[in-house]
J.: 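This is the structure, below, for whatever I ask next.
Order of appearance sets the numbers: ligands from 1, and atoms from 1 within every ligand.
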Amino acid sequence: MLIKQASDIRSSEITDKKVYLNRREFIRAAAITGAAAGLLGAEALAPVSAAAKGAPHGRKLATIKKGFALNAPDKVNAWEDITSYNNYYEFGSDKSDPAEMARNFKTEPWTVTIDGECNKKGVMNLEDVLKGETLEERVYRHRCVEAWSMIIPWVGFPLANFIKRCEPTSKAKYVEFYTLYDPKQMPGTRVPVLRWPYVEGLRMDEAMHPLTILVAGLYDEVLPNQDGAPLRLAVPWKYGFKHIKSIVKVRFVERQPLNTWQQQAPDEYGFYANVNPGVDHPRWSQNTERRIGEFLRRKTVMFNGYGDQVASLYTGLDLRRNY
Ligand SMILES: Nc1nc2c(c(=O)[nH]1)N[C@H]1C(S)=C(S)[C@@H](COP(=O)(O)O)O[C@H]1N2
Ligand SMILES: [Mo]
């Protein structure tokens, strides 16, 4: 795998100055006008300052609310890890492809379409999606179904805030998300390795859970393209494939969505995709994981360590069948 130099990444990420200033402008607006959303029952302990350093690409976010951390003294992964080892099949299926192939991906202007069972159907500019939100650092564990993991300092805001603004009807039982499908910009979509566009879904209570966030930044920078700019999901108790990138549509639906990986291989990937060391992937064990940057494997923990906050969502659900 090709490991990119920090200097490469930095130069590759620099956008046209005007565009960059616009971006800064709305993010600052979002941060300033944001209501002071209370921190989650934040287990604020391990300070991010103890972490590996990020190598910024130079598009800083203005104001970020800090303080949410893991309740374990895990080392936060470096910018270099998080931006050079990616899954983003629209830009190739090798871990090193997205950093390279998404380099010139155009994320401005960007709109998000709101559709389905809600009162506020329509098309929103990204600026309006972020407006009024407090961007908050969330240091989350990320566990990929392929049995690797990282600790990632996302910057985002609760998906619940966005959903409330859409005013879902009582028929909305699930939320469906769509990634941009643009074969011109996304060479990976010119081959039928997956069904495009990439689709993911959450049950409404999972989507409304305070741990579930829409992500717009990484460390204190605008989210890099390879990580799903300009807007992606983070649902930290679920396998990585639920974390859909570059979201262009949110649809409220009555029936359980068919997510891309479940459609691709239903006996390997389910809808729930909760991290569960007790349910192996048919081709490998989920009992341990390789933390990127570490030598020894770690034991994988149920719900990726967020069980105290999310286990009650699944009372009465057979998590072996509903994997
Ligand atoms: N649109 C889209 N979203 C996606 C993927 C993808 O291929 N396409 N891969 C998923 C998988 S399998 C993982 S592990 C995470 C990786 O996110 P990261 O590269 O930011 O760590 O993105 C998820 N979101
Ligand atoms: Mo993944």
J.: Is the shortest distance from a heavy atom of Trp196 to ligand 1 less than 4.0 Å?
T.: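 No, Trp196 has no heavy atom closer than 4.0 Å to ligand 1.
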
J.: Say whether His243, considering both its backbone and side-chain N or O atoms, lies within less than 3.5 Å of an N or O atom on ligand 1.
T.: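 Indeed, backbone or side chain, His243 has an N or O that close.
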
J.: Output the list of atoms in ligand 1 that are nearer than 4.0 Å to some heavy atom of Trp154, sorted by atom number.
T.: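 Checking each atom against Trp154, I get 20 (O).
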
J.: In terms of relative ring orientation, are Tyr314 and Tyr272 parallel, tilted or perpendicular, with 30° and 60° separating the classes?
T.: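 Ring orientation, 0 to 90° scale: perpendicular.
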
J.: Anything under 30° is parallel, anything over 60° is perpendicular, the rest tilted; go ahead and classify Tyr88 against Phe91.
T.: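 Tyr88 vs Phe91 ring planes: perpendicular.
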
J.: Any idea which protein heavy atom is nearest atom 14 (S) of ligand 1, and the distance to it?
T.: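 Of every protein heavy atom, His142 NE2, 3.4 Å lies nearest to atom 14 (S) of ligand 1.
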
J.: So, Asn77 side chain and Ile152 main chain: donor-acceptor pair closer than 3.5 Å or not?
T.: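 No, the answer is negative, given that no donor and acceptor are paired below the 3.5 Å cut-off.
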
J.: With heavy atoms under 4.0 Å as the rule, classify the contact between Glu90 and ligand 1 as side chain, backbone, both or neither.
T.: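 For Glu90, only side-chain atoms sit under 4.0 Å from ligand 1.
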
J.: Which atoms of ligand 1 are found less than 4.0 Å from any heavy atom of Cys144?
T.: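 Counting from 1, the qualifying ligand atoms are 14 (S).
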
J.: Can you tell me which residue among Lys249, Lys242, Lys245 is in a salt bridge (Lys or Arg N to Asp or Glu O under 4.0 Å) with Glu200?
T.: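 Looking at Lys249, Lys242, Lys245, the match for Glu200 under the salt bridge (Lys or Arg N to Asp or Glu O under 4.0 Å) is Lys242.
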
J.: What protein heavy atom lies closest to atom 6 (C) of ligand 1? Include the residue and the distance to one decimal.
T.: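 Answer for atom 6 (C) of ligand 1: Tyr198 CE1, 3.4 Å.
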
J.: Quick one: look at Thr179 and ligand 1, take heavy-atom pairs under 4.0 Å, and tell me if it's side chain, backbone, both or neither.
T.: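 The side chain, only.
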
J.: Using non-hydrogen atoms of the residue, decide whether Arg232 is closer than 4.0 angstrom to ligand 1.
T.: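 Yes; Arg232 lies near enough to ligand 1 that a heavy-atom distance drops under 4.0 Å.
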
J.: Taking only heavy atoms of Phe241 into account, list the atoms of ligand 1 that are under 4.0 Å away from them.
T.: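 Under 4.0 Å from Phe241, ligand 1 has these atoms: 10 (C), 11 (C), 12 (S).
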
J.: Could you tell me how the ring of His142 sits relative to the ring of Trp148: parallel (under 30°), tilted (30 to 60°) or perpendicular (over 60°)?
T.: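 Answer is parallel, since the angle falls under 30°.
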
J.: Measure from NZ or CZ of Arg141 to the centre of the six-membered ring of Tyr306 and say whether it is under 6.0 Å with the direction within 45° of the ring axis.
T.: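 Judged by the rule, Arg141 and Tyr306 form a cation-pi pair.
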
J.: Please state which protein non-hydrogen atom is closest to atom 15 (C) of ligand 1 and give its distance, to 0.1 Å?
T.: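 The closest one turns out to be Gly240 O, 3.5 Å.
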
J.: Could you say whether the N/O atoms of Lys245 and ligand 1 ever approach to under 3.5 Å?
T.: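 Among all N and O atoms of Lys245, at least one is under 3.5 Å from an N or O of ligand 1.
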
J.: Are any of the side-chain nitrogens in Arg203 or Asp205 under 4.0 Å away from the carboxylate oxygens of its partner?
T.: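 Result for this pair is yes, salt bridge flagged.
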
J.: Any link between Leu202 and Leu258 through a network of hydrophobic side chains (Ile, Leu, Val, Met, Phe, Trp, Tyr) touching at under 4.5 Å?
T.: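 Each belongs to a different hydrophobic cluster.
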
J.: Using the side chain to side chain donor-acceptor pair (under 3.5 Å) rule, take Asp227 and Asn86 through it: C-alpha gap first, then chi angles, then the decisive distance, then the call.
T.: CA-CA 7 Å; Asp227 289 277; Asn86 301 98; 3.1 Å; yes

J.: Considering heavy atoms of the protein only, find what lies nearest to atom 7 (O) of ligand 1 and give residue, atom and distance to 0.1 Å.
T.: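 Answer for atom 7 (O) of ligand 1: Tyr89 N, 2.8 Å.
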
J.: Hey, is Glu200 touching ligand 1 through its side chain, its backbone, both or neither, going by heavy atoms under 4.0 Å?
T.: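 Answer for Glu200: neither.
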
J.: Given Val145, Asp227, Asn87, Thr260, which one has a non-hydrogen atom that is nearest to atom 16 (C) of ligand 1?
T.: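 Checking each option, the heavy atom nearest atom 16 (C) of ligand 1 is found in Asn87.
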
J.: Checking Arg298 now: which residues fulfil side-chain contact (heavy atoms from CB on, under 4.5 Å) with it, not counting sequence neighbours?
T.: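 Result, side-chain contact (heavy atoms from CB on, under 4.5 Å) vs Arg298: Asp74, Glu289, Arg291, Glu294.
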
